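Throughout, protein chains are lettered first and strands after them, A, B, ... in sequence-line order, and every chain is numbered starting at 1. Please read these numbers as outputs of a predicted model, since none were measured by experiment. Heavy atoms only: backbone and side chains are in, while hydrogens, waters and symmetry mates are out.
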Amino acid sequence: MNYIEQLAKTLEKKIGIPAEDIAGMLEVPADETMGDFALPCFKLAKTLKKAPPMIAADIAENLVLPEGFKEFKVIGAYLNFFIDPVNFIQNVISESALTGYGGSDEGQGKNICIDYSSINIAKPFHIGHIMSTAIGNALYRIYNYRGYTAIGINHLGDWGTQFGKLCYAYEAWGSKEDVETRNIDALLELYVKFHDEADKDDTLNDAARDWFKRIEDGDEYAVSLLDWFTNITLKRVEKVYDMLGVKFDYYTGERFYNDKMTPIVDELEDKGLLTESQGARVVNLDEYNMPPCIIIKNDGTTLYATRDLAAAFYRKKTFDFYKALYVVAYQQNLHFNQWFKVVGLMGYDWEKDLEHVNFGMVSLEDGTISTRKGRVVFLEDVLNKACEKTAEIIEIKNPALENKQAIAKQVGVGAVVFSVLSQGRIKDITFSWDRVLNFEGETGPYMQYTAVRCNSLLIRGKELLSETPDFSALDNDEAFKTAKALDKFPTAIENALNKNEPYLITRNIIDVAKAFNKFYFEHKIIDENKAASAARLALAKAVKNVITTGLYLIGVETPEKM
RNA sequence: GCGCUUAUAGCUCAGCAGGAUAGAGCGUUCGCCUCCUAAGCGAAAGGUCCCGCGUUCGAAUCGCGGUAGGCGCGCCA
């Protein structure tokens, strides 16, 4: 039953304006003690030409509430309505305990390309990469949950002159054994050494360019080096993705699109969009208040806008996406705006389906991340440390726990992911060990703990689940608030999807957990009254389902015990 | 200089298709385990919602103008 609809329909007769309009005026008071729904009568003052408090009083006179409502009160210009809690709680529990609660098939047959994580070959996976990876992974799951087909693409940074530098450095100073054993660490050292040496001797840069030319020309040895660097990077990074539970459907990077740019450039030429500017070929965007989008450099080579265009066309052709999301930091706002506009200027209406899902910067307490300056925190270290700390806590709190290591991983990694996805994307984050390693309050472990608490109640009260529940046992504020939070879960998922903001789900399940923990503290769940216990357990079951589902959607696992 | 973006409690953040007394977590101080997992629950203290003007019955929320921080502004990605 839809409360607002019912209420609006009832009020329609009383007030004399369409139920739709009334529904739009109804709101949920911030303070729950005021009521479950409210009609601020200020909004009616103009049309009815009466003072708001008078209007409220008039409507209240002889008002008969629809089913499901308990009472109403007039407070000043507000008309406040109270619903019947037991009825509501019972309905919410039966829905929210179901598998697939909040899911839908609205996205049937629609492909969503999600470009996320997008790591660079031969570079370490550091804390800055967590944002794109966690947000993208969450969106991947959320879209799938709503029936879409998400296509996860790791758009590797595997092309460019930096690989010429790396080849040169490897040939000059590297050793096969060292790179095999220390992989990315060795490659990074070589890369840093190249820059140090190149500062002293500029001819190295020419040599690096030659190396990259060899790669471009398909020189077998040079290409095999790049392949090798790519493989060892992916092998190393795979471990982190495994820990995070992150999967990709494609690892197609810039290199993949290298031979797919010519048709796009030709089309731009044919459509007369390219103009000469300082020796480069650009799309002029003055009219849109943006600097030109450079397609071809003055040395005839392409750059990333060209590759992103090629990738977009490839994805449109291959997947016929309903939407293509680019989970990339806000630093690249202009870049995406530019080439999205170029797609539009080429005459393609799917420009509107391209979306830059941007997010804030991660910096360290002593400044921005700089791998070369050694100012960096590796993601692997963060995850490992979080797991170690969890293991220590388990030793203190629950030393008899089975599978301690697996659970420490779920909780530790979950804490890191949860903290990233508990605030809006756009906020910058200053990484702090204290903060990610804090497991109290509104944190991942708190969520998991609440679900585990429900789980152990369900195990303990197994045989009560067959009883017919007496939902009147849930006639209290704590159960009511919990049910209200559960009820908002589907809307939270919908909003998270529409805004590409996973934290909206996070916030909702925090509300669920807080409300339930309060309920748990105030009420004994399992007691002599079997029917009442069954009702309380039904609530626990719904809470467990919603928290587990919500955590899953943001990429966090829920242990059975902890 | 131009563009984008952020500004709410000591810290980190919610709230912003305008509504009643602005919320949470952390931190601080103080309570609650003979009882279903205390990674829990509660209390106290803590506010110029960056500033100004405007729109409105009503502004943290909308508009305009400022201030401060972050990011970006052609041949890196």
Could one point to a donor on the side chain of [X] or the base of [N] with an acceptor on the other under 3.5 Å away?
| X | N | result |
| --- | --- | --- |
| S277(A) | G74(B) | yes |
| Y304(A) | A77(B) | yes |
| N80(A) | A20(B) | yes |

Within the structure shown, what part of the strands sits under 4.0 Å from [X] by heavy-atom distance: base, sugar-phosphate, or nothing?
| X | answer |
| --- | --- |
| P291(A) | sugar-phosphate |
| P52(A) | nothing |
| I394(A) | base |
| A45(A) | nothing |
| E27(A) | base |
| D31(A) | nothing |
| Q278(A) | base |
| K514(A) | sugar-phosphate |
| M361(A) | sugar-phosphate |
| A38(A) | base |
| G461(A) | nothing |

Closest-nucleotide 5' rank along RNA chain B - winner of Q332(A) and F439(A):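 Going by which nucleotide is closer to the 5' end, it is F439(A).
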Between G157(A) and T430(A), who's closer to the 5' end of RNA chain B by nearest nucleotide?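 Result of the comparison: T430(A).
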Smallest separation among heavy atoms of I215(A) and C167(A), with atom names: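 Looks like CD1-SG, 4.0 Å.
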Listed pairs, N/O of protein and of nucleotides 5-12 of chain B, under 3.5 Å:
| residue | atom | partner | partner atom | Å |
| --- | --- | --- | --- | --- |
| A7(B) | OP1 | K427(A) | NZ | 3.2 |

Could you write out RNA chain B as a dot-bracket string, with dots for unpaired bases, | for bases paired across to another strand, and Watson-Crick or G-U pairs counted at under 3.5 Å? (((((((..((((.....[...)))).(((((.......))))).....(((((..]....))))))))))))....
Tell me whether the NZ or CZ atom of [X] lies within the 45° cone about the ring axis of [Y] and under 6.0 Å from its centre.
| X | Y | result |
| --- | --- | --- |
| K165(A) | F194(A) | no |
| R425(A) | Y503(A) | no |
| K389(A) | F439(A) | yes |

Expressed as a whole number of angstroms, how long is the span from [X]:[atom1] to [N]:[atom2]?
| X | N | atom1 | atom2 | answer |
| --- | --- | --- | --- | --- |
| H129(A) | A77(B) | NE2 | C1' | 11 Å |
| Y116(A) | A77(B) | OH | C1' | 21 Å |
| F37(A) | A20(B) | CZ | P | 17 Å |
| R453(A) | C41(B) | CZ | P | 7 Å |
| Y288(A) | C2(B) | OH | P | 23 Å |
| L421(A) | A14(B) | CG | C1' | 15 Å |
| D308(A) | A77(B) | CG | P | 10 Å |
| Y446(A) | C13(B) | OH | P | 21 Å |

Should the pair W433(A) and F431(A) be assigned to parallel (<30°), tilted (30 to 60°) or perpendicular (>60°) ring geometry?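 The arrangement is perpendicular - the two ring planes meet at more than 60°.
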What orientation do F212(A) and W159(A) show, parallel under 30°, tilted 30 to 60°, or perpendicular over 60°?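 Perpendicular, since the angle between the ring planes exceeds 60°.
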Using the rule for Phe, Tyr, His and the six-membered ring of Trp, do F42(A) and G19(B) stack at under 5.5 Å and under 30°? yes
Heavy-atom donor-acceptor pair, Q448(A) side chain to Q410(A) backbone, under 3.5 Å: yes
So does R255(A) get a backbone contact from the side chain of D158(A), meaning a donor-acceptor N/O pair under 3.5 Å? yes
In whole Å, measure the gap between the [atom1] atoms of [N] and [M] for me.
| N | M | atom1 | result |
| --- | --- | --- | --- |
| A68(B) | C50(B) | P | 16 Å |
| A9(B) | G47(B) | P | 10 Å |
| G66(B) | G27(B) | P | 42 Å |

With a 4.0 Å cutoff (strictly under), does any side-chain N or O of K46(A) reach OP1 or OP2 of U56(B)? no
OP1 or OP2 of G42(B) versus the side-chain N and O atoms of K518(A): is any pair under 4.0 Å? yes
Apply the ring-ring contact (aromatic ring centres under 6.0 Å, His included) test between H155(A) and each candidate in Y304(A), F256(A), Y257(A); give the one that qualifies.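 Checked Y304(A), F256(A), Y257(A) against H155(A); only one passes ring-ring contact (aromatic ring centres under 6.0 Å, His included): Y257(A).
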List the residues meeting salt bridge (Lys or Arg N to Asp or Glu O under 4.0 Å) with D511(A), not counting sequence neighbours, and say none if there are none. none
Does [N] count as syn, meaning its glycosidic angle lies within 90° of 0, or as anti?
| N | result |
| --- | --- |
| C51(B) | anti |
| G72(B) | anti |
| A17(B) | syn |

Which nucleotide wins on minimum distance to the side chain of [X], given the candidates [options]?
| X | options | answer |
| --- | --- | --- |
| L334(A) | G19(B), G74(B), G72(B) | G72(B) |
| Q331(A) | C75(B), C13(B), G72(B) | G72(B) |
| P29(A) | A20(B), A77(B), G74(B) | A20(B) |
| N517(A) | C41(B), A39(B), G15(B) | C41(B) |
| R507(A) | C13(B), A20(B), A39(B) | C13(B) |

Residues forming a ring-ring contact (aromatic ring centres under 6.0 Å, His included) with F125(A), sequence neighbours excluded: H129(A), Y241(A)
I'd like to know if K484(A) and D487(A) make a salt bridge, using a cut-off of under 4.0 Å between side-chain N and carboxylate O. no
Taking K561(A) first and then E402(A), would you say they form a salt bridge - that is, a charged N and a carboxylate O separated by under 4.0 Å?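 Salt bridge between K561(A) and E402(A), a charged N being under 4.0 Å from a carboxylate O: no.
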Start with the C-alpha gap between N455(A) and K544(A), add the side-chain angles, then the distance that decides, and say whether side chain to side chain donor-acceptor pair (under 3.5 Å) holds. CA-CA 7 Å; N455(A) 192 47; K544(A) 183 194 166 187; 2.9 Å; yes
Write down the protein N/O and nucleotide N/O pairs, taken from nucleotides 31-36 of chain B, whose separation is under 3.5 Å; answer none if there are no such pairs.
| residue | atom | partner | partner atom | Å |
| --- | --- | --- | --- | --- |
| C36(B) | O3' | R460(A) | NH2 | 3.0 |
| C36(B) | O2' | R460(A) | NE | 3.0 |
| C36(B) | O2 | I526(A) | N | 3.2 |
| C36(B) | N3 | I525(A) | N | 2.8 |
| C36(B) | N4 | Y520(A) | O | 2.9 |
| C36(B) | N4 | H523(A) | O | 2.7 |

Test of understanding: with side-chain contact (heavy atoms from CB on, under 4.5 Å), list the residues that count as partners of K462(A), not counting sequence neighbours.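 Result, side-chain contact (heavy atoms from CB on, under 4.5 Å) vs K462(A): none returned.
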